[in-house]
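Each remark here refers to the structure printed beneath this line.
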2 protein chains.
Amino acid sequence: MQQSLFDFIEQYIILTEEEKKCITDLDIFRSVKKGTLLLSEGQCSRSSIFVLKGLIRTFYIVDGEEKTTEFYAEMEGISPPCVLSGLPSELYISCVEDAMISVSDPGMESEVFRKFPRFESLCRILSEQLLSKNQCNFDTYKTSSPEQRYLHLLKNRSDLLNRVPQHQLASYLGIKPQSLSRLRARLVKKKK
Amino acid sequence: MQQSLFDFIEQYIILTEEEKKCITDLDIFRSVKKGTLLLSEGQCSRSSIFVLKGLIRTFYIVDGEEKTTEFYAEMEGISPPCVLSGLPSELYISCVEDAMISVSDPGMESEVFRKFPRFESLCRILSEQLLSKNQCNFDTYKTSSPEQRYLHLLKNRSDLLNRVPQHQLASYLGIKPQSLSRLRARLVKKKK
DNA sequence: TGATTTTCTTAACTTAAGTGAACGTTTCGA
DNA sequence: TCGAAACGTTCACTTAAGTTAAGAAAATCA
């Protein structure tokens with residue numbers, strides 16, 4: 001299972017046996033059941049999550065209503081705001097499917113950076129890439145309508161359509177479930 | 001002028017004279033006039049920008065229409081997607097006000113990292129913070145209506161209201177200028 | 001300064017999302 | 001396996017943004 005984490009890292013740098021052992025020794029791999037809440041409002045978690053298998057989802061609760069903001073599938077990771085801010089979380093993280101994840105915290109990271117400085121270099125590059133990607137996604141969201149966002153999802157992450165309940169998808173697109181139903185009906189009619 | 005860059009960095013690490021000289025020698029400071037385009041569609045720029053004074057704005061042109069995605073004021077920086085991707089830019093960057101900026105590229109950065117490794121450590125931390133902040137902003141955008149986004153702007157970045165033309169603000173909020181006018185009129189009426 | 005362009009607002013009409021409700025289907029736990 | 005809860009769709013109505021157009025105000029520059 002940890003092999004898939006090694007595979008991910010080795011897209012960037014080839015790991016020595018010593019480095020692999022160091023990662024293994026951290027004992028960061030966890031198996032979690034569908035529906036598990038990995039983070040709840042009010043918690044001051046220090047844990048960053050990397051998804052090895054399965055699917056997790058982040059959301060807020062605004063006026064008693066879940067607002068899904070992102071899905072994280074294989075080889076994607078999330079470090080919730082509370083990890084850096086130290087403030088109680090407003091974010092929830094929950095398991096959409098049974099999943100294998102790795103869980104780390106800033107303490108582990110600095111330990112690894114101390115032992116193997118090139119890991120910090122890798123993390124700088126990765127977080128710059130993530131930042132850039134995140135900004136692009138934000139820009140795409142801002143410049144699209146719900147319908148365009150749905151079509152974009154259909155094209156680029158169609159796996160989500162089968163893995164995620166409609167009402168979570170709707171929320172992710174920024175609309176209500178009823179509106180997603182209608183939107184889909186409208187598109188089918190247009191196509192004819 | 002470069003002092004304000006030093007001030008920014010020294011919020012995190014105190015610079016030695018040697019480090020300051022290294023930065024000064026890079027000759028990265030530029031003065032730019034209002035209206036100047038710092039990046040246009042199609043360009044493969046390698047330049048990241050940090051704003052020391054003034055205001056710049058990023059936008060796309062979609063169906064012949066400008067879509068403003070972000071404003072960068074004092075002590076904020078932007079590394080456009082093309083810097084990392086190497087692909088021709090779809091993003092525009094333009095100067096909203098006369099500005100003083102610093103312009104760097106990946107080559108300069110690796111030179112500085114080589115001479116002073118702790119700069120890479122600082123950059124990792126900064127980009128992790130930026131990523132976290134960017135994700136929070138994205139989440140706030142996703143979970144808000146245009147009206148809520150306007151009120152949020154009023155509360156948190158009210159300086160922009162005076163520094164930026166309405167139609168650019170409207171675009172930034174994800175609506176048309178006419179809708180922003182109407183929204184404002186609606187709010188005034190509500191207040192009474 | 002005067003002319004021209006850009007910007008901002010208002011208005012009437014259109015389009016699409018929000019709301020509340022109903023109803024059939026699926027899921028899940030006792 | 002039965003019953004309750006959650007889920008997805010449809011409908012009628014409401015609300016707010018998009019569109020088109022017009023006119024007033026402000027900024028720009030020759």
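In the text below, chain A, chain B and the rest are named by the order of the sequence lines, each starting its count at 1. Owing to the predicted nature of the structure, the values given are computational and were not obtained by experimental measurement.
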[X] side chain: which of [options] is closest?
X	options	value
A:Leu183	C:dT9, D:dT10, C:dA17	C:dA17
B:Lys176	C:dA17, D:dT19, C:dG20	D:dT19
B:Gln178	C:dT19, C:dA17, C:dT10	C:dT10
A:Arg182	C:dG18, D:dA17, D:dT28	C:dG18

Using atom [atom1] of [X] as one end and atom [atom2] of [N] as the other, report the distance to the nearest whole Å.
X	N	atom1	atom2	answer
A:Ile175	D:dG8	CD1	P	13 Å
B:Glu65	D:dG18	CD	P	9 Å
B:Asn162	D:dA27	CG	P	13 Å
B:Gln166	D:dA25	CD	P	16 Å
A:Leu187	D:dT9	CG	P	13 Å
B:Leu180	D:dA16	CG	P	15 Å
A:Arg184	D:dC7	CZ	C1'	13 Å
B:Lys34	D:dC29	NZ	P	9 Å

Residue B:Gln166 excluded, over 12 heavy atoms near CD under 6.0 Å: yes
Any donor-acceptor N or O pair under 3.5 Å, side chains A:Arg124, A:Ser121: no
Under 3.5 Å side-chain donor-acceptor pair for B:Thr58 and B:Thr69: yes
Answer yes or no: does a side-chain N or O of [X] lie under 4.0 Å from OP1 or OP2 of [N]?
X	N	result
A:His167	D:dG8	yes
B:Arg186	D:dA17	yes
A:Ser179	C:dG18	yes

Electrostatic pair B:Glu65:B:Lys176 at N-O distance under 4.0 angstrom: yes
Sugar-phosphate only, base, or nothing, as touched by B:Gly174 at under 4.0 Å among non-hydrogen atoms: sugar-phosphate
Parallel, tilted or perpendicular, as decided by the 30° and 60° cut-offs, for the rings of B:Phe8 and B:Phe50: tilted
